Participant: 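A single structure is presented below for examination.
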Amino acid sequence: MKISVILSTLAAATLVSAGRFHDLGKIENTNVLPNGYIIQYHDNVGHKDAHNALNSRKIDYKVRNEYNIFNGAAITVNSKHDGKDIASLPGVKNVWPITLYSIPKPQKNTKKPTDPETVSLHSMTGVDIVHKKYKLTGKGIKVGVIDSGVDYKHPAFAAKGAKEGCFARWGKNCRVMYGWDFVGDEYTGRNAPKPDADPMDCGGHGSHVAGIIGANAMNIKGEHKPPQPFIGVAPEVTFGAYRVFGCNGSSGDDIILAAMELAFNDGMDIINMSLGGGSSYKLNPTAVLADKLIARGMALSAAAGNDGSQGAWMVSDTGLGDLASAVASFDNAYGFYHSFTYAGASHPYSVSQGWGKPFSLPASATIVPVFEKSGTLTDGCDAAIYNAANIKGKVVLILGDFSRCASGARGEIALKAGAAGMLIQTSPFGLANLGGNPGFPMASIENKAGDALLAAYKKNPANTATWSKEASNFMIEGGGAPSDFSSFGLDGDLRSKPDISAPGGNILSTYPLAKDGYAVLSGTSMATPYVAGAHALYMQAKKSKPNGDVIRQVFKNTATISTNTGSKTMASAAKQGAGLINVLNAITTTTSISPDHIDLLDTVNLKKTVKITIKNTGKKTETYTLSHVPADALNFYSEGAYPTGSPKIEDDYASVSFSQSKVKIQPGKSAKVTLRFKQPKKGNAAQFPIYSGFVVATPNKSGVPVHVPYTGLKGDVSKVPIMDTTKGFPAALHVDGEGNLKDIAKGYKFDMVDNRPVFVTRLGSHTPNFTIRVFDSKKVFRGFVNTLNAGSAVGWSGRQLNTDDENKMVFTPWIWTGKVLPTTNATAPITLPSGSYEIVVASQKKLTKGAYPADYEIFNLGSIQF
Ligand SMILES: *[C@@H]1O[C@H](CO)[C@@H](O)[C@H](O)[C@H]1NC(C)=O
Ligand SMILES: *[C@@H]1O[C@H](CO)[C@@H](O)[C@H](O)[C@H]1NC(C)=O
Ligand SMILES: *[C@@H]1O[C@H](CO)[C@@H](O)[C@H](O)[C@H]1NC(C)=O
Ligand SMILES: *[C@@H]1O[C@H](CO)[C@@H](O)[C@H](O)[C@H]1NC(C)=O
Ligand SMILES: CC(=O)N[C@H]1CO[C@H](CO)[C@@H](O)[C@@H]1O
């Protein structure tokens, strides 16, 4: 077996608890702080009781943070005690190791800050109209940014009438009213934080996020002038800047919990968190606290994650709570372009860099497509082809195939042949960037625009083109669809996640002045603050502050359901959630549907009938028509036991029937409708396709249609492979003193000091309970493997990434010391006597009760002797 890994870099890990053991299954990433634990107490237990309990067990510990809403503390343990001891203390409900979160890796950007489609994202979401027509700005709403800080001096954060921004601790009339630096510049997640009062941003991420929520860069002149004017979603919100990242590195969730509680105590209405992290269950500390804060009236949106290339089951932790919003990303869609009108239709065009200005041509410069002999549009690389056509003083239309000549060269040829200008049809789609030619008007047009011109020319070659004087907004071909990088759901309980999407691909926003002031970034981190800003607009519009889950429902009900780029069918709800947020629809709708998601589960547990409640919150009686909009099914298991990075998209659709197809509802009243689902006929149940769709209720007046997404898995989810067996996992190997992994020689006896067995595992999907069990030669169960590097092997776990940031395969090595945890509520591991022991890797199958062995996926790794 060829796996190489340097074991000395592995961090100690794991946590345990009498009630629950929470293994994070991410030991390989060293993203756990050694000896650090987060403890949650039972409801009636306080800090003092917890100290007494710790002291009575003679545990030498230091308090890092205490949490009143979460009801617990973060501690560092100096003595030999570990998570298991702490978990067994009276009054302790949960124990987790302190986990490090990083700022999600920004995605590669294809756009520059000057590209037109980086500013007009608000036309995707109705926010442009909400600004103009409803004059909503988020005034009076407080939004907390838990991130790398905010460059509060940036002029885009200046209060009305002020030239620069400021922080209220040291200034007057500031938009950043609250804030704290929990960590200091040098904090990396692994060293001691040095808190201070100044939340100035150093990394840049937090300023970008804050700008998306509420920058105003419309009228900034001078040194800090933006590459083009832009505005945030809610440009008059008040900010809290809670800095949890140093200039570089990660942040511990002990710090993040403290920041979330301070944000709540400062009276923040909304917080947004975009933390990187694998996907697991909703039972992680930040998700637990998030649900508590939302229940107390706060709104919280969290990034779904940028792991779209890793396949299914990848939505990040923090947004997994029942009440929180996990936010997916769409690519920026609209662009502000000059255009021309031809045969009654307007088409945007993108001027070549060489020409650099809009076209201004006489009506006599009609458009002439130039064809090859075969009748297809030419690439325009040969002079002869122009000479054969009558193109003098005309604008030639040619195909954007750049394999034979570059754009400058073909411009030169057409110019010499006497053309007045050139339009290039982009292939396959989307407006292309052209280098062009300084002396010749050249521009790219969309693929569909090229087709439209050809069709119109055929009917009437004498059509003339009119060139616009002003630029205007166009939805751009290829934009406005789910971002490739945005993570796929579902979660480990087959719940429908992510919840909603917002623009997150190619977003222009503020950056620290020390780093040029502006940047275009992409990621679900950019989509998340968009939703936070949208919450602020909604609260201002309604003059009330509904809880986050209430607003989530409105946003989900009224989102715009979208197709994938180049596809006619709707994108899966496991990718786009309920669709792209539409704030205009959200504030004007007079209908709601609850619940805001339908989890059909798998074939075995299929929820065949589901009741939804439609409520008419308007002033007039409405008759609603119910309909079903199916979405693509995603097949991640067409190639074997490990989920493929990108799914096979299949046209399997569920069918839905309604107890009534029309329902009349009086104002202020609601009605229940029963939905009957049949799962798709076509999909191959052995490949577990995830199907989805939307149930829509359309009011008979011109009101906003509302919908609820449903998701289901065809097949028996308990048969979805948990262990990745495609690459030789799981296996028992031999780790020598230098950390090299080798096969175990037959009859080998380990000394358990210089030579130890290591059990390697790699999870392709979630398991409610991952265990490595030890049986003696009489087949008697002796306990769960306790390791040198990763604690004891028992507890839930999310799926593992396919590859890490360095493109290395991700897996977990469990280095065995000969110790076992005899039961899950034992207070300490015990050392087994020398002998021969059988090692069994057993992962509980999803949606089962957990009876051993029936409900487990089991691999026997053979015997280990020591
Ligand atoms: C952060 O990293 C950069 C580049 O690696 C380095 O130049 C800088 O000094 C670091 N900053 C801090 C505060 O550690
Ligand atoms: C819409 O439905 C209501 C209730 O059934 C009805 O009174 C009204 O006439 C309908 N309006 C239209 C335009 O069909
Ligand atoms: C995992 O399985 C063990 C052994 O059956 C059990 O004691 C433990 O409670 C289970 N843990 C969870 C989280 O279900
Ligand atoms: C573990 O806890 C269970 C109930 O939670 C109890 O029945 C059992 O006796 C405990 N085992 C030990 C070893 O404490
Ligand atoms: C306002 C705020 O906290 N924004 C954050 C939203 O979510 C992600 C997670 O940290 C961050 O990237 C943003 O900084």
Side-chain angles (χ1 to χ4, degrees), residues 13-27 32 37-40 42 82-90 92-97 99 278-285 287-288 313 317 320-322 491-495 605 717-718 720 722-723 730 759 761 763 765-776 779-787 790-800 812 814 816 819-830 832 837-861:
T14 286
L15 43 81
V16 173
S17 121
R20 282 176 179 276
F21 169 100
H22 302 282
D23 179 71
L24 304 179
K26 292 189 293 200
I27 294 97
V32 171
Y37 297 95
I38 291 173
I39 309 171
Q40 185 187 17
H42 283 292
D82 67 11
K84 289 169 290 297
D85 299 281
I86 301 161
S88 67
L89 293 173
V92 170
K93 186 170 171 189
N94 281 302
V95 179
W96 297 266
T99 302
S279 176
S280 72
Y281 288 87
K282 58 186 174 182
L283 251 175
N284 64 77
V288 168
W313 318 109
D317 296 349
L320 291 180
D322 283 324
D491 85 347
D493 298 321
L494 262 58
R495 291 182 317 140
N605 300 284
V717 79
S718 75
V720 167
I722 296 166
M723 191 63 53
F759 312 126
T761 60
L763 301 186
S765 67
H766 296 69
T767 171
N769 205 350
F770 173 80
T771 62
I772 305 180
R773 296 166 187 243
V774 180
F775 296 85
D776 64 20
K779 309 262 181 234
V780 176
F781 173 69
R782 300 299 292 266
F784 304 99
V785 158
N786 179 265
T787 66
S792 303
V794 53
W796 50 255
S797 186
R799 80 155 265 206
Q800 288 180 291
T812 307
W814 307 83
W816 196 32
K819 287 184 184 170
V820 293
L821 191 67
T823 64
T824 44
N825 53 358
T827 57
I830 56 163
L832 293 175
Y837 295 94
E838 199 170 270
I839 306 299
V840 172
V841 171
S843 308
Q844 187 185 333
K845 298 169 181 173
K846 281 181 271 295
L847 300 186
T848 63
K849 295 218 169 69
Y852 188 85
D855 290 343
Y856 278 74
E857 180 194 87
I858 293 175
F859 296 92
N860 191 326
L861 304 191

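Predicted model only: the values in this text are computed from it and were never measured. Start at 1 and go down the list; that is how both ligands and their atoms are numbered.
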Participant: Has T767 got a side-chain atom pairing as donor or acceptor with Q844's backbone, closer than 3.5 angstrom?
Facilitator: yes
Participant: With heavy atoms only and a cut-off of under 4.0 Å, state how F770 meets ligand 3: side chain, backbone, both or neither.
Facilitator: neither
Participant: Would you check the N or O atoms of W796, main chain and side chain alike, for any that come under 3.5 Å of an N or O of ligand 3?
Facilitator: no
Participant: So, regarding N769 and ligand 3 (criterion: nitrogen or oxygen to nitrogen or oxygen, under 3.5 Å), is there a contact or not?
Facilitator: yes
Participant: Do the side chain of N769 and the main chain of W796 share a donor and acceptor less than 3.5 angstrom apart?
Facilitator: no
Participant: Out of all atoms in ligand 3, which are within 4.0 Å of some heavy atom of Y856? Include the element for each.
Facilitator: 2 (O)
Participant: Can you tell me which portion of R773 lies within the under-4.0 Å heavy-atom range of ligand 3? Options are side chain, backbone, both, or neither.
Facilitator: side chain
Participant: Rounded to the nearest 0.5 Å, how far does CE of M723 lie from CG of L763?
Facilitator: 5.0 Å
Participant: Do L832 and W816 touch side chain to side chain, with heavy atoms closer than 4.5 Å?
Facilitator: yes
Participant: I need the contact type for F784 against ligand 3. Using non-hydrogen atoms and a strict under-4.0 Å cut-off, is it side chain, backbone, both or neither?
Facilitator: side chain
Participant: Please check if atom NZ in K845 has more than 12 non-hydrogen atoms from other residues, nucleotides or ligands closer than 6.0 Å.
Facilitator: yes
